[in-house]
Amino acid sequence: MRIRLADVTKRYLREGSLRVASDEPPALDHISLDIADGETVSVVGPSGCGKSTLLRLVAGLETADCGTVHYDEHDVADVAPQDRGIGMVFQDYALYPTMKGAGNLKYYFDVHRRTEDEARARAKEIADIMGVGFELLLGQQTTTLSGGEQQRVAIARCIVRDPTLFLMDEPIVNLDAKLRESTRMEMAKLLKRYGITTMFVTHDQQEAVFMGDRIALMRAGRVVQIGTFDELYYSPVNLFVATFFGSRPLAVLPATVADRTVRFGEAAWPLPAVLADRLEPGPVRIGVRPEAWRFAGAESGGGARMAVDRIESVPAERLTLAHGTVSGARVTVVAPAGTAGDVLWLTPDWEAATFFAADGEHALHTPGAPEFF
Amino acid sequence: MTTDTAVADATAAEDGAQPPATPSRSRRRRRQLWIFLAPAVLLNLVWGWYPLATSFVLSFTDARLRGDVTFTGFESYERMINDPLVAQAFRVSIIFAVLSIVLTFVVPILVAILLMEMPRRTMRWMMLLWFLPLSSVGTAILWRYVYNTDYGLLQSIATGLGFDRQPFLNSSDQVLFWLVIPGLVLYGPGLIYLATLQSVPTSYYEAAEIEGAGFWRKIWTISLPRMRPVILMMLMFAVIGNLQQFEWPMLMTDGGPGGASRTAVMYVYDILNQLRYADATALSILLFALIMLVVAVMRFAIREDPDAPPRRSLRELVTRKGDH
Amino acid sequence: MTITASRLTKRFGDKAAVDGVDFEVGESEFFVLVGPSGCGKTTTLRMIAGLESIDDGELRMNSVVVNETRPRDRDIAMVFQDYAIFPHLSVHENIAYGLRSRRLASSVIRQRVPDAAATFRIEHLLRRKPRQLSGGERQRVALARALVRDAQAYLYDEPLSNLDAQLRHQAREDILALHQRQRKPTVYVTHDQSEAMSMADRMAVMRSGRIEQVGTPRELYENPVSTFVAYFIGTPSINLFQATLRAEVEDVWLEAPAFSLRLPPSRARALAGHVGGPITAGIRPEDLHPPRQAPFEVGEHNTMTARVDLVEPTTAGSTVYATMPGPAGDLDVAASFGARLPDRFVGQEVPLAVDLEKVHLFDAVTERSVLVDARAA
């Protein structure tokens, strides 16, 4: 099913107030989204950005102040949540604690007066979809299940009702790191096999990248950018997007462009022709990813001087990281193996650097995705 | 704005012409809300607000059991204010309230705090005891025997310890003191304090302990501040309840000796028994006004929320305005 | 100071939450306890803090047994998962709490509190109440409270788990900066192995109340003593396969339905007693390469084939999730590539070159490594 949101705005009442305050920023601010049939869109953003509100609005648990939500061709403003054919998985799983796993799955059939046989047949089908060991979980009281197991039952309970849209609100945030990894893998495979339109809300950028065909990054009630990982990572529309993605922080260097050179602190570099043509002279901010630096040996070989605080080796990625500062800006760089000492000389890799306005945060130039093959 | 470019492709579909929001579902929901609320609102109006309004009106009349009612203005109020017994009754009520709060209010707080230090099992037993339905009428009658000057428990203890025979409830100087004492065994509020304390994250106490805080410092800097809103609420209830005290003096002393324990509400009751409706309502309204005044002062003077940022002083506000 | 735990045990009812744990945290060492939820790491930390009584074993600080010492007499600082800063006290009073508890002169307090606050960039917030602070700021208040007292040891109980990912980097650096400055023994608990790997001088992996392995992050990564440690350390997780060892002339082959790999002499030598029997092979995703990019010679003997299910883009390239036929249903295999695998490969069979020098081998029954010496455990 295709989901379309057009210009949706939602304001909450302020606590203790009866009227909507117009000076308060809206929870959702003119949001438009188009999710294709069968697509998984991750909705990600810092806490309080409105991502859960957005999900609840699509579910019908919240109503929009203005704007429309379409499921395929139908405006669903007047359709109650229970009639929308959605499956929702919550952060706390929201299983019925008085029932066993099987009871949780059967509940839908009881409510909708289906036959016992039908319920059992469907539960069997689901158990096949959910994979190995799932039937064991059904016999247990939900309160005795571990977090990961509860979560599987919660997902199964959604699938049972044959939803046309899956809504997941931080479904695995309460699991510990290792379990999260295996569970998200399982979920991704399930979604792929099931081929159902999904909105996946999370605050974790890595999880968003993993789960989503596309990722919508939100801030303060707005969708800042929506696209694939490559679009968000290599062509961010602004500094916020650039700093949000990536497993290690982006260095932001305040610099000045003049005479086809860029100056940052003590260092000055001639700009490559492509960049020099595009950038107006004046102050800019350069965003450099940890992996996008070039090194000039331990002696003063030109470039910017980095004072190293700490060298970290990441065996799993065969990386050496150096954390420190360059002219007061915090910088993390992927350094050559065997790097040691307190000082590194760096130059940004201009092909991978992003330029942002100094006064605003919008991007002036983005590198775009590199050619991998 | 950068956002616009990012979502432009999505908006393109719905070019412009947006129908206004259709809040028919929310309107339906609001209607449902009112249907659910209606019984409660109705009951409140009929049994709460209507009598209040009526008595307010009646207090300005000469209402009797029978006959026409005529408007008499402040006549009843004048009569009540000039009645020396009214002054006495108010004095009794206020002293009773002050005594009761001074002597009995702190005890349940302390008990709750100490109970938190007890093993779980002890705590559960104490909570069970608190939950037991104690009839306050029964307790009052029991205490009347305890205080009996001839064969009461307290008298035998007093004489046993070598004191003279005590008058207890028969002394007009002491009667209010003795009336307040039974309140000590009613731990009702203690349960609420205990529940409040149990909702305080244990990590607060653990952090305090690691930071070097001893038993008293933990109570002073964590338990009490966390209980503050509840304590203040209970204090408000206690003030309101005690200013309206009726059943204990009624059951134990009947207002005696010589009106020394006749509270304001008891006097309202006496006047009612004389079928002086207008006077009774006028006196009630006076009491109501007093309580409202006390509550208003308390609410104004005490900040309930311990976690709120400190209030700006007036001077600070003024200088801030100047800055802008 | 040093912290020494020997046979440390804690029982809840019949169940031992911590079951005879031994470790030593050296002078100025950053020691991390890591494990899945319920493994006993937090209980261990709480025993060190004195918040949990010790049922058996000994806890020593500087060779003095402190089993019965009250928390406040241990002179430690602790940062809690929920920060445990007091909501009714201002930031200043929160930071000053320990100093006031210890009755320090107010002139000292007036000087030290702003200092500690400045270290964590919250000096402008001293008059605020915690409610007015963001999550990251609250966390820094907790750090400042820990720093201000100049304690003899620092304990952290999952301090980053309530922070957004973006704040986590900064907080991590803040904690390490605090450690650099104080140079005091530090015990840090987390369930996140990547956090542990990046912060620890040494770390202990715990599982159901016991320590599986102690060592530097690199040691644990390169020489895991058991399948559990191998699986726990590293993201994506190591691929574990059931296989048999077959000897052929000079060589030892690792055989499974989906692949047969010739082990290099260095590995083969350690396997004497296991040839012909079952074995569990562990191959890390980063040791599987696209044949043309492998940093070693690729041939029949070190290649396996898998069908691609999913490709996850990463900043370094991509993680490929694939399946291979196994004895009972498909086996999952993950591979981390230094380049992006184009989407057209999804559903296709691709060859994966295995870096055999880095294959881990475990006893199929005991799940202990057959390569790592027992004494390393």
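Because the structure is predicted, anything quoted here is derived from the model rather than measured. Per chain, numbering begins at 1; letters A, B, ... match sequence-line order.
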Most contacts with chain C, counted as non-hydrogen pairs under 4.5 angstrom, among [options]:
options                        : result
A:K192, A:Q206, A:R310, A:H203 : A:R310
A:Q205, A:R248, A:E291         : A:R248
A:K189, A:R318, A:R180         : A:R318
A:S182, A:G246, A:G48, A:S247  : A:S247

task: Keeping the roles fixed (side chain from A:R214, backbone from A:T228), state whether a donor-acceptor pair exists under 3.5 Å.
output: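 No, because the side chain of A:R214 does not come within donor-acceptor range (under 3.5 Å) of the backbone of A:T228.
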task: Give a yes or no answer on whether the side chain of A:N238 reaches the backbone of A:V241 with a donor-acceptor pair at less than 3.5 Å.
output: yes
Using non-hydrogen atoms and a 4.5 Å limit, figure out which bit of [X] sits close to chain A: side chain, backbone, both or neither.
X      : answer
C:E312 : side chain
C:S237 : both
C:T216 : neither
C:E222 : neither
C:Q170 : side chain
C:T235 : both
C:L176 : side chain
C:P285 : neither
C:S336 : neither

- prompt: Is A:R219 positioned over the aromatic face of A:F240, cation under 6.0 angstrom from the ring centre and no more than 45 degrees off axis?
  reply: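 Judged by the rule, A:R219 and A:F240 form a cation-pi pair.
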- prompt: Checking heavy atoms, do the side chain of A:F229, its backbone, both or neither come under 4.5 Å from chain C?
  reply: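 Just its side chain gets close to chain C.
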task: Tell me, for A:D204 versus chain C, whether the close heavy atoms (under 4.5 Å) come from the side chain, the backbone, both or neither.
output: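 No part of it gets close to chain C.
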query: Is the shortest distance from a Lys or Arg side-chain nitrogen in A:D309 or A:R330 to a carboxylate oxygen in the other one below 4.0 Å?
result: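 Looking at A:D309 and A:R330, the cut-off is met.
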- prompt: Can C:S161 and C:Q81 be counted as having a side-chain donor-acceptor contact under 3.5 angstrom?
  reply: yes
message: How close do C:A306 and C:L352 get, counting heavy atoms only, and between which atoms?
response: CB-CD1, 4.1 Å
statement: Here the pair of heavy atoms bringing A:V201 nearest to A:P171 is O-CD, 4.1 Å
field: Contact leader toward chain A among C:G234, C:S198, C:S318, C:S194, where contacts are heavy-atom pairs under 4.5 Å
entry: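 Among the listed options, the one with the most contacts to chain A is C:S198.
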- request: Report the C-alpha separation of C:L310 and A:M185 in whole Å, then their side-chain angles, then the decisive distance to 0.1 Å, and conclude whether the side chain to side chain contact (heavy atoms under 4.5 Å, CB included) test is met.
  value: CA-CA 9 Å; C:L310 286 171; A:M185 177 73 214; 3.9 Å; yes
query: How are the rings of C:Y156 and C:Y188 set relative to one another: parallel (under 30°), tilted (30 to 60°) or perpendicular (over 60°)?
result: tilted
message: Nearest 0.5 Å, please: how far is CZ in A:R152 from OG1 in A:T183?
response: 8.5 Å
